[in-house]
Amino acid sequence: MSDPVGKLPSELDQLPDRDTEETAEWAASLDAVAQAAGTRRAEYLLRRTLQHAEAAGLALPKLLETDYVNTIPTAAEPEFPGDEEMEAKITAWNRWNAAAMVTRGSKYGVGGHIATFASAAWLYETGFQHFFRGKEADGSGDQLYIQGHASPGIYARAFLDGRISEQQLDNFRQESGGNGLPSYPHPRRLPWLWEFPTVSMGLGPLSAIYQARFNRYLQNRSIKDTANSHVWAFLGDGEMDEPESTAALALASREQLDNLTFVINCNLQRLDGPVRANFRVVQELEAQFRGAGWNVIKSLWGSAWDELFQLDTTGALVRRLREVPDAQFQTYATRDVAYIRQHFFGADAELVALGALLSDAKIAECFHSSRGGHEPRKVYAAYKAALEHKGAPTVILAQTVKGYTLGAGFESKNANHQMKKLTIDEFKDMRDLLGLPIPDSAFADGQVPYGHPGANSPEVQYLNERRAALGGPAPARKVRHVALPAPADRSFAPLLKGSGKQEMATTMAFVRLVKDLMRDKETGKRWVPIVPDEARTFGMESLFPSAGIYSPLGQTYEPVDRDQLMYYKEAKDGQILNEGITEAGAMADFIAACTSYATHGEPMIPFYIFYSMFGWQRTADQMWQLADQLGKGFIVGATAGRTTLTGEGLQHADGHSHLIASTNPASLNYDPAFAYEIAVIVKDGLRRMYGEQPEDVFYYLTVYNEPKVQPAMPEGVEEGILKGLYRFNTAADLAEAAPAADAAKIQLMASGTAIHWILEAQKLLAAEWNVAADVWSATSWGELRRDALECDEALLRGEVRTPYVTRALEGVTSPVLAVSDWMRQVPDQISQWVEQDYTSLGTDGFGLSDTREGARRHFGVDAQSIVVAALAQLARRHEVPASAVKEARERYGL
């Protein structure tokens, strides 16, 4: 075999060859095999040599693909510890009830999915019977990320073990009556059963990796012994196309998360057709995971294939399996034996000869149904091998038939994801196939019946015994509430008293507060700072040496800044999660920390800080996942606002995150203007989320990187801060140039950094235009709106309640001008409940690179623009001359 002409140099060309003669002999041997036995034999020997080298631990690159066969041969399968006949009966009942539930619900038009669980039933049942640990032992158990479309099968199992009633099954996807079942795994809707929301595809696998990582974090920080907890993520092969599905594979292998197993149901179909019509998704996934450093186990073929592989003495069968694309293999699953003989075995003479040795029944069994994912012995072998593998996470690629046991109308059909029901005749065929004792008379009313062997039946007794041995029912969510003591007031005192003459950005005020709270003896260790590689931007480097950056390896190097006070310190028990440039990964970390109170019975207090533009805009789907999972913690959008982050341009200028955040019912959104407001909000947030009566909410705070003198907190404003609005000062409080007693009046209202623009405008209005302006701090437009909506809802029940914003402005006769560094829609959220003349200014449109002053003038929100807008509002009411508006525009160059 000669070298290819013009080949690129490899790394081997750069290493000295200490024995060129030996090297030449190896090359000559390979040439001889290729010439004498053919290139296929040469390829085989090379692959076996590399596999042997890998098993021997030699430092060589791994093969990214192995043959299209089972990783664990039949002869190497461990003894199966269960009663296969009994487990087959249990699985049959679950298959039946899952299909019946969706079919019965279809008459209401509520939908549902049948084919996914039909293909994956044994993947779940084998785990439930032998592997998945419940929460009645150490309180953590295993964490199960159930594939969303398989939820009917999980409900069917909960029906079998008595946790769900027949009435609830009949209310699948009909929740409004209070006794229904949600469509997919939704903890907020069914909090005793589901732990993790997964049906927003791609978020399940990403979250599973960070959950496994957070389990190790708790272990290494000596907060909770999670050594026995294993994370199982059940995924579809089509779902792996989502970028989030594979975004953190390297993290899992880098941190050696052998407490994590992915089970990918490779039924070769996605929602509309084949996952890889012209290719082989199993091989592609194997290469992807092996390349990322994962242990890969393939469970592709059922025991019926054993005879075929034993007869394959030339390797022709294995080669053919490796070359047939997925879409063609799906066709084989639906066609007759003659077609398979012609199109599969007719590929070459060796295969023709092999096919001649096989009966039609054997070929039909192999190609129509015999898959590794449908046999409990093979699934058990894969799961056992996954748990025994150390030093890396494992992915199991289990091949199945989508719609398995649902009949010829479903199995391997492109449309089966959209098919919501079976006919009565199809159910009878399914009954006969599964061997269920359901008489024809049960169908007399034209409705498919649910089936149950009885609470005292051998099946239910076996199921309960197995779950008891594994630590109780699963899946299950149990909350053992642990109230955290309130931190000492001294942590909040520095922000309440103000900064004196020193300027301080609210970003720094928040970080300073958290740094003090992390020193609290009772709760300090429970804070989890999370940042996506921008800690220094947010002034968090002071936490590096004191709290440490979490790394399971500790620090194996000497940091370049070790001689500096705030050096980069990594530690095995580090408290900070510095995630690199991955907002999605940081958010997955945050979710795991936010829900530790339920997952592990250990409440943690995470705060996730990021460029505000790259939070809700980039990962809003995960914010909904967080809400669904009933997470608690602080999300902090730093460098907030459209004009505060100077020079960064359009994609860094956030003027809308509060608008997006307002769509999430679990998010309490605050835009504090002053450091003392942050202190009040955080203190109350700790009470609401971690106190004696915890609420299932989380906080979104926006903070700014604009240094300003921070005033001391005025008396009596705490309620207004938390409710969302209070009067900061009045025109009469101005030390200089107070307006005359008969001056026109206006109310200036602002949130966040915009408070400083209206304070300047207040002075200009008084000194230059004899207008008296009161200044209001609107800490939360969203909370004002939430309160007002609740009042409106109460009115429908006959309760008369006045919204807080209406009450706060009661007695005010002058108009209101609201200003923020956000789109006008943000302050306009409250407009319908403001009884006064109400207008707003904001930063609508795309951001731009400029100075803060230039950007604010561009958007018309600087102090001078506010003055002109105030005068225009008063002129419309004939409270100032119309000429004043024109004069002001000219004076300020607008």
Side-chain angles (χ1 to χ4, degrees), residues 495 498-499 502-513 537-539 609-613 615 636-648 652-659 661 669-681 700-711 713 721 724-726 728-729 748-764 773 775-782 817-824 826-827 840-844 847-848 850-867 869:
L495 299 193
S499 63
Q502 181 183 359
E503 291 186 337
M504 179 171 59
T506 52
T507 299
M508 184 56 66
F510 177 82
V511 171
R512 182 176 297 182
L513 172 62
T537 300
F538 309 134
I609 189 168
F610 51 86
Y611 269 126
S612 66
M613 185 67 162
V636 184
T639 61
R642 183 149 283 163
T643 68
T644 307
L645 184 58
T646 57
E648 293 289 340
H652 284 64
D654 176 18
H656 52 278
S657 67
H658 269 284
L659 203 60
N669 311 310
Y670 285 90
D671 187 30
F674 302 119
Y676 67 77
E677 295 177 350
I678 293 173
V680 172
I681 293 165
Y700 177 52
L701 304 181
T702 42
V703 292
Y704 298 79
N705 65 332
E706 187 170 13
K708 294 288 184 180
V709 171
Q710 298 295 331
M713 185 173 72
I721 292 172
L725 181 68
Y726 67 94
F728 175 72
N729 72 13
L748 300 180
M749 190 179 292
S751 67
T753 197
I755 199 81
H756 303 288
W757 316 338
I758 66 170
L759 284 170
E760 185 180 349
Q762 180 191 39
K763 295 177 182 178
L764 290 173
V775 167
W776 297 73
S777 178
T779 54
S780 179
W781 310 103
L817 175 60
V819 187
S820 78
D821 207 9
W822 308 96
M823 301 169 65
R824 292 176 61 179
V826 174
S840 64
L841 296 176
T843 55
D844 291 74
L848 74 166
D850 210 318
T851 63
R852 287 176 181 143
E853 294 76 15
R856 287 163 189 169
R857 175 55 62 93
H858 169 80
F859 286 110
V861 292
D862 60 341
Q864 292 79 11
S865 298
I866 293 169
V867 169

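If you read the sequence from its start, that first residue is 1, and numbering goes on from there.
- Considering only heavy atoms from C-beta on, Gln864 comes within 4.5 Å of Leu764 through its side chain.
- Judged by distance alone, the side chains of Asp671 and Ser820 never bring a donor and an acceptor atom under 3.5 Å apart.
- Side-chain atoms of Asn705 and Thr507 form no donor-acceptor pair, as typed in the model, at a separation below 3.5 Å.
- Here the OH-CZ distance, from Tyr704 to Arg852, works out to 12.0 Å after rounding to the nearest 0.5 Å.
- Put simply, the side chain of Leu841 does not reach to within 4.5 Å of the side chain of Phe859, judged on heavy atoms.
- Put simply, the side chain of Val703 reaches to within 4.5 Å of the side chain of Val636, judged on heavy atoms.
- Under the ring pair (Phe, Tyr, Trp, His ring centres under 6.0 Å) criterion, His652 pairs with Tyr611, Phe614, sequence neighbours left out.
- Distance alone, capped at 3.5 Å, is enough to place a donor-acceptor pair between the Thr779 side chain and the Ile721 backbone.
- The side-chain heavy atoms of Arg512 and Met504, taken from C-beta on, include a pair separated by under 4.5 Å.
- Remark: the backbone N or O of Ala863 is not paired with any side-chain donor or acceptor of Glu760 at under 3.5 angstrom.
- Between Trp781 and His658, every side-chain heavy-atom pair lies at or beyond the 4.5 Å cut-off.
- For the residue pair Glu706/Thr753, the side-chain donor-acceptor check at 3.5 Å is satisfied.
- Nearest heavy atoms, Gly641 versus Ser612: N-OG, 4.2 Å.
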